[in-house]
2 protein chains.
Amino acid sequence: MKKSLPIRAQNVREPAGTGTLGKAIAVLDIIAASSGPLRFTDVLQLTNQPRGTLHRQISNLIEEGLLTVNRDHSYELGLRLLQFAAKAWASNRFRTIAEPHLHRLHEATGETVHLGVLRNTDVVYVDKIESRQNIRMVSQIGNTAPAWCTGVGKAALSALPDDELRARLGRISFRKFTPNTLADRQALLSEIEFIRAEGNAYDREEHETGICCVAAPIHSADRQLIAGISVTGPAYRITPDVLRSWAGITRVAAAAIMDDMATQLSPRS
Amino acid sequence: MKKSLPIRAQNVREPAGTGTLGKAIAVLDIIAASSGPLRFTDVLQLTNQPRGTLHRQISNLIEEGLLTVNRDHSYELGLRLLQFAAKAWASNRFRTIAEPHLHRLHEATGETVHLGVLRNTDVVYVDKIESRQNIRMVSQIGNTAPAWCTGVGKAALSALPDDELRARLGRISFRKFTPNTLADRQALLSEIEFIRAEGNAYDREEHETGICCVAAPIHSADRQLIAGISVTGPAYRITPDVLRSWAGITRVAAAAIMDDMATQLSPRS
DNA sequence: AACTATGTTCCATATAATGGAACTCCTATT
DNA sequence: AATAGGAGTTCCATTATATGGAACATAGTT
């Protein structure tokens, strides 16, 4: 199954647990995905692996600190993940390059600014700037949302080459989050055509009622990294006109980030 | 080497990469620990594994999204870690139980409140409440500090059974962060005696100049989970007397958290 | 243009993961 | 209090997977 890959394959859907590591992460994923705490047997059913095998996998994960077990045999993700994530966030070059531009955009608009990276068909938010920073950060950073119904996500999708775009759309299962959510692949495709022509994506309360945004796509020269930036606000305050008035500076910010990436991440620094 | 462990072994020092998973995580650790970006050969030397082996391990980590490679072949921790951490943080039961008490303590003191969990000889900060929440959250949550020179850490250490304490102290390599940093094992041991008698730990600019705190230990009934809570402030504003005046409510908060743990995490809920 | 660093692939061998079944422990029920 | 059932744990022969050495490829350097 696993062809020796050139060490470059990112943004690729893994076929659910190839290799020892893959299986271990698959277990981690199951526990991460569950809403409530899971007990051993719950995980057993979700993985349908032999009991002995699963038990050892879990033991290993616990030993590595990636998993924690409570006295009642329910499992939680381990602290080591927080440790790793703190490092991942602080040292991420894309994020650090983008950061000053996010601040500038925030100052210009006074509204919340997001930076998100496309991963499969989801957006992972990697940074966020807001005025009243009373919202818990981790509750946002690292969170994911479906790409096809968020501004950042749609912007990012629009930066994909056509074949990649089709491939990913095929993996989306559409569902309505709000009355405004795009209903199907066709609607999304024509929306993306519009975004490509326009240079901006809009979220008009498609993911959450009362929340709208303007976004612009970001990508590295070789399109390995596909991302987006957005300015978000409450619909009652941010009219469509206001939103449109920010389209330009949002595109400019995205362009500036790409520029910095080109110079700072070039082979010859 | 790896004895089939009862599925309970947390807080245990792993002997650096046992099993396939362990080795993979060890690679991740090396990349996390480095200050700058690492290239393949750098990692190769730090692990001293055969090239073929390392190459495949890295490939697997990339495939799982735990690692990312830039065009210049430097490696970064992957986004998937952020994703996992967001879940880990939001669903952590200990943290959610403690959270209201942290807020109460913050309101009573007006200063920054920390919650940290002991992991080996380090403290991992899992929550933080501060008034002006203009400091980036992830820059704190998930961060680690040496247990022996922080308030939370010393408090946590004091909750360890004596044999465990000795064992862990043996793994500490002392170094001076500030003029006030405790110099050696002996100093730390007598400090811990004091903490046990008193019920509170103090950090008097031992880790960072200008920063001091009062802390109190937290532990689960079976002492599997060892943690601490602290109130922190700038030394110029928080005199030793003020600090001492918060000792009581800090202990009370810690006790309340343990209480809630006992009821909410009991086998029979 | 040749050289050297660095990264990548291949394959026989060694090692670790697998999975079935037996065992233990806890818990719920009578 | 005894017992049955479920849940978690251990063991070990078999099988699949990771290993590591060396050959190959590529990019950067003199």
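Predicted model only: the values in this text are computed from it and were never measured. Order of the sequence lines fixes the chain letters, A, B, ..., with proteins taken first and strands second; residue numbering starts at 1 for each chain.
Not one N or O on the side chain of Arg223(B) forms a donor-acceptor pair closer than 3.5 Å with the backbone of Leu160(B). The backbone N or O of Arg39(B) sits less than 3.5 Å from a side-chain atom of Asp42(B), completing a donor-acceptor pair.
Interface remark: the Arg51(A) side chain does not form any donor-acceptor pair with the dG19(C) base, using a distance-only criterion of under 3.5 Å.
Residue Ile58(A) contributes atom CD1, which lies 14 Å from atom P of dA7(D) at whole-angstrom precision. Summarising the geometry, the separation between CG on Asn60(A) and C1' on dA17(C) is reported as 10 Å, rounded to the nearest angstrom. dG8(D) atom C1' lies 11 Å from atom CZ of Arg39(A), rounded to whole Å. A straight line from CD of Gln49(A) to P of dA17(C) spans 13 Å, rounded to a whole angstrom. Put simply, CZ on Phe40(B) is 17 Å from P on dG28(D), counting in whole angstrom units. Taking atom NE2 of residue His73(B) and atom P of nucleotide dT6(C), one finds them 12 Å apart after rounding to whole Å. If you measure from atom CG of Leu21(A) to atom C1' of dA16(C), you get 14 Å, rounded to the nearest angstrom. If you take CG of Leu54(B) and C1' of dG21(D), they are 15 Å apart, rounded to a whole angstrom.
Taking all atoms of both residues into account, the shortest heavy-atom contact from Ile141(B) to Lys128(B) is CD1-N, 3.9 Å.
Applying the 90° criterion around 0 to the glycosidic angle, dA12(C) comes out anti.
For Tyr75(A), the listed nucleotide lying nearest its side chain is dT9(D); candidates were dT6(C), dA7(D), dT9(D). Considering only the side chain of Lys23(B), dT19(D) comes nearest among dG8(D), dT19(D), dG20(D).
Within the nucleic acid shown, Thr53(A) comes within 4.0 Å of at least one base atom, counting heavy atoms only.
Expressed to the nearest 0.5 Å, how far CD1 of Ile58(B) lies from CG of Leu28(B) amounts to 10.0 Å. Note that CD of Glu99(B) and CG of Asp127(B) are 5.5 Å apart. Values are rounded to the nearest 0.5 Å. Going from atom CZ of Phe94(A) over to atom CG of Leu79(B) covers 9.5 Å, rounded to the nearest 0.5 Å.
In this model, the phosphate group of dT19(D) is approached by a side-chain N or O of Gln57(B) to a distance below 4.0 Å at OP1 or OP2. Contact check, Arg56(A) against dT18(C): a side-chain N or O comes under 4.0 Å of OP1 or OP2. Within the 4.0 Å cut-off from OP1 or OP2 of dT8(C), at least one side-chain nitrogen or oxygen of His55(B) is found.
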So His73(B) and Phe40(B), ring pair (Phe, Tyr, Trp, His ring centres under 6.0 Å) or not? Walk me through it. CA-CA 7 Å; His73(B) 293 282; Phe40(B) 184 87; 8.8 Å; no
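Toward the 5' end of DNA chain D, the nearer of the two residues Thr20(A) and Gly52(A), judged by each one's closest nucleotide, is Gly52(A).
Each end of the helix from dT6(C)-dA25(D) to dT30(C)-dA1(D) yields a helix axis from five base pairs, and these two axes differ in direction by 50° (to the nearest 10 degrees).
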